[in-house]
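What follows is a single structure, written as C-alpha cells, with notes after it.
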Amino acid sequence: MKLLVTGGAGYVGSVCTAHLLAAGHDVTVLDDLSTGHRDAVPPGAVLVEGDVATAASGVLAEGGFDGVLHFAARSLVGESVTDPAKYWHGNVVTSIALLDAIRAHRVPRLVFSSTAATYGEPETSPITEDSPTRPTNPYGATKLAIDHAISSYATASDGELGAVSLRYFNVAGAHHGDGGTAFGERHTTETHLIPLVLQVAAGTREQVAMYGDDWPTPDGTCVRDYIHVDDLADAHLRALEAAGSGPGEHLVCNLGNGTGFSVREVVEACRRVTGHPIPAVVAPRRAGDPAVLVASARRAHDRLGWTPTRGDLDGIVADAWAFARARVGADA
Ligand SMILES: NC(=O)c1ccc[n+]([C@@H]2O[C@H](COP(=O)([O-])OP(=O)(O)OC[C@H]3O[C@@H](n4cnc5c(N)ncnc54)[C@H](O)[C@@H]3O)[C@@H](O)[C@H]2O)c1
Ligand SMILES: O=c1ccn([C@@H]2O[C@H](COP(=O)(O)OP(=O)(O)O[C@H]3O[C@H](CO)[C@H](O)[C@H](O)[C@H]3O)[C@@H](O)[C@H]2O)c(=O)[nH]1
C-alpha cells in the first residue's frame, strides 16, 4: 500500500514505519520534527518536513494513497493542563484538517493513535472499549474529541473511509531491526517511567522518583499495562487491513497485555536487567494519575486477530535498555 505516516519521526511512528517498510509498504512520513528526530525516520521512507495541519493536504494531493496512519500529536499530560491551547489546536484542529484532506483526496483507510487517557479514572478493571470515557486532563480530552470526529467523518463518508482508533496503554520497549538498526524512545522532555528509570542506569539521572506509595494497590505504587512497541506495530498493520475491509466503519480497540505492573515492579525489573542499583525515592502523587490502568484487549483479538507476544516485563525493559545504552552520548 502507498501510505502517509504522520509523526513518523517520533517514537511509536518510527517503529511502526520500520514495520510497514519491512512488510513491503511504500511510506511517506510527514513530521514537523517538533518532538521527533530526522535520523529516527527509517531508511526507505520519504520524509516530508511540515505541519500536518497545513501540509497533509498537499502531500495527499499527489494521489494514490491507500491509507493514513496518524501518530503526530502533542502528548505530554502535564503540559496539556498548563497549555491547553497547544493541545486543542495541535491535536484537534490539526486532526480535523487531516480528516478534511483525507476526505478531499478520497483516502480509504485511517489508523489513529488514541490512548487509555480517554477513559480517565476507571470504575472497573480491566478497561473495555465500552467503559465510560471521562478524561481527567486536556490531552485525553483532545484524543477523545478526535475519536468522535473520526466516527462522524467515517459515517458521513458513504462507505469511502474505514477507520480504526487504537487506544494504547503504556507503550514501552524498542524495535531492534536488521543490520543493527534500532528505533526507540528519545524524547527531549521525557515523562514516561521506563526511559526515566533507565536514565539512572545510564548515569544521566541520579535517582528516580516513585509518585506515591499509598495508592490502593498491592505495593502502594501505581499499576500500569506496559505494551511492547513491536506488538503495538503489529496491531497497526492489522488495523490497516481491517480499515480496508469495513469501509464506513470506525472501530475502536484497546491495546494492552491485560497484565498490570506496579512502579516498584518496573524499577525492580530495570535493576535486574541493567545490574545497576537504581536509587528510587518516594515522591508525592502526580496529579491526575489513576491508581490502576489495565486493558482488556479482547476486541483487538477478536476483530484484528491480534495477540501480543512480547508482554514479559524484563524483555520489554531489556529492549529499551539496549536502545538507551547505545544512545548514551548521542543525544547529549
Ligand atoms: N508513547 C505512549 O506511551 C503513548 C500512549 C498512548 C498514545 N500515544 C500516542 O501515540 C502517538 C505517538 O506518540 P509518541 O510517544 O511516539 O510521541 P512522539 O512525540 O515521539 O512522536 C510524535 C511525532 O509527531 C510529530 N508531530 C507532532 N505534532 C505534529 C504536527 N502538527 N505536524 C507534524 N508532525 C507533528 C513530532 O515531531 C513527533 O515526531 C501520539 O499520538 C500519542 O498521543 C502514545
Ligand atoms: O518519574 C516517574 C514517572 C512516572 N511514574 C509513574 O509511573 C506510571 C506510568 O507513568 P507514565 O508517565 O510512564 O505513563 P502514564 O501511565 O501517565 O500514561 C498515560 O499517558 C501517556 C501519555 O504520556 C499515554 O497516553 C498513556 O496511554 C496514558 O495512560 C504512573 O503511575 C506514574 O505516576 C513515576 O512514579 N515516576
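Atoms within each ligand, like the ligands themselves, are counted from 1 in listed order. Bear in mind that the values here come from a model prediction, so they are computed numbers and not experimental data.
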With side chain to side chain contact (heavy atoms under 4.5 Å, CB included) as the test, would you mind laying out the steps for Phe169 and Thr115 before giving the verdict?
-> CA-CA 6 Å; Phe169 280 60; Thr115 168; over 6 Å; no
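- In terms of N/O distances under 3.5 Å, ligand 2 is approached by Phe169.
- For a threshold of 3.5 Å applied to N or O pairs, the pair formed by Ala53 and ligand 1 contains no separation below that value.
- The contact set between ligand 1 and Phe169, taken as ligand atoms under 4.0 Å from a residue heavy atom, comprises 5 (C).
- The single protein non-hydrogen atom nearest to atom 22 (C) of ligand 1 is Thr35 OG1, 3.8 Å, given as residue, atom name and distance.
- Not a single heavy atom of His70 sits less than 4.0 Å from an atom of ligand 1.
- Contacts between Thr221 and ligand 2, counted as non-hydrogen atom pairs separated by less than 4.0 Å, are absent for every part of the residue.
- Between the Arg167 side chain and the Ser114 main chain, no donor and acceptor come within less than 3.5 Å of each other.
- Close approach of ligand 1 to Ser114 is summarised as follows: ligand atoms under 4.0 Å from at least one heavy atom of the residue are 6 (C), 7 (C).
- Of all atoms in ligand 2, listed by their number and element, those nearer than 4.0 Å to a heavy atom of Ala116 are 27 (O), 29 (O).
- Val223 and Tyr119 are assigned to two separate hydrophobic clusters, defined by single-linkage of ILVMFWY side chains at heavy-atom distances under 4.5 Å.
- Within the 4.0 Å heavy-atom shell around ligand 1 one finds Leu33.
- Residue nearest to atom 26 (C) of ligand 2, selected from Leu193, Ile227, Thr115: Thr115 (by heavy-atom distance).
- Here Lys2 pairs with Glu62 in a salt bridge; the nearest charged N to carboxylate O distance falls below 4.0 Å.
- With a heavy-atom cut-off of 4.0 Å, Tyr168 touches ligand 2 through its backbone alone.
- At least one heavy atom of Gly50 lies less than 4.0 angstrom from ligand 1.
- Judged by the shortest distance from any of its heavy atoms, Tyr226 lies inside the 4.0 Å radius around the atoms of ligand 2.
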Please output the side-chain donor-acceptor pairs of residues 22-29 that fall under 3.5 Å, not counting sequence neighbours, one pair per line with the distance.
from	atom 1	to	atom 2	distance (Å)
His25	ND1	Met1	N	3.0

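- Of the N or O atoms in Ala209, one or more lie within a sub-3.5 Å distance of an N or O in ligand 2.
- With distances taken over non-hydrogen atoms, the option nearest atom 16 (O) of ligand 2 out of His192, Arg224, Arg264, Arg285 is Arg224.
- Counting heavy atoms only, Asp32 comes closest to atom 29 (C) of ligand 1 of the residues Asp32, Ile194, Ile227.
- If you look at Ser75 next to ligand 2, the close heavy atoms, those under 4.0 Å, all belong to the backbone.
- Counting protein heavy atoms only, atom 18 (O) of ligand 2 is closest to Asn170 ND2, 3.5 Å.
- In the vicinity of Phe71, heavy-atom distances shorter than 4.0 Å reach the ligand 1 atoms 11 (C), 12 (C), 40 (C), 41 (O).
- Nearest protein neighbour of atom 1 (N) of ligand 1, counting heavy atoms only, is His192 CE1, 3.6 Å.
- The shortest N or O to N or O distance between His37 and ligand 1 is not below 3.5 Å.
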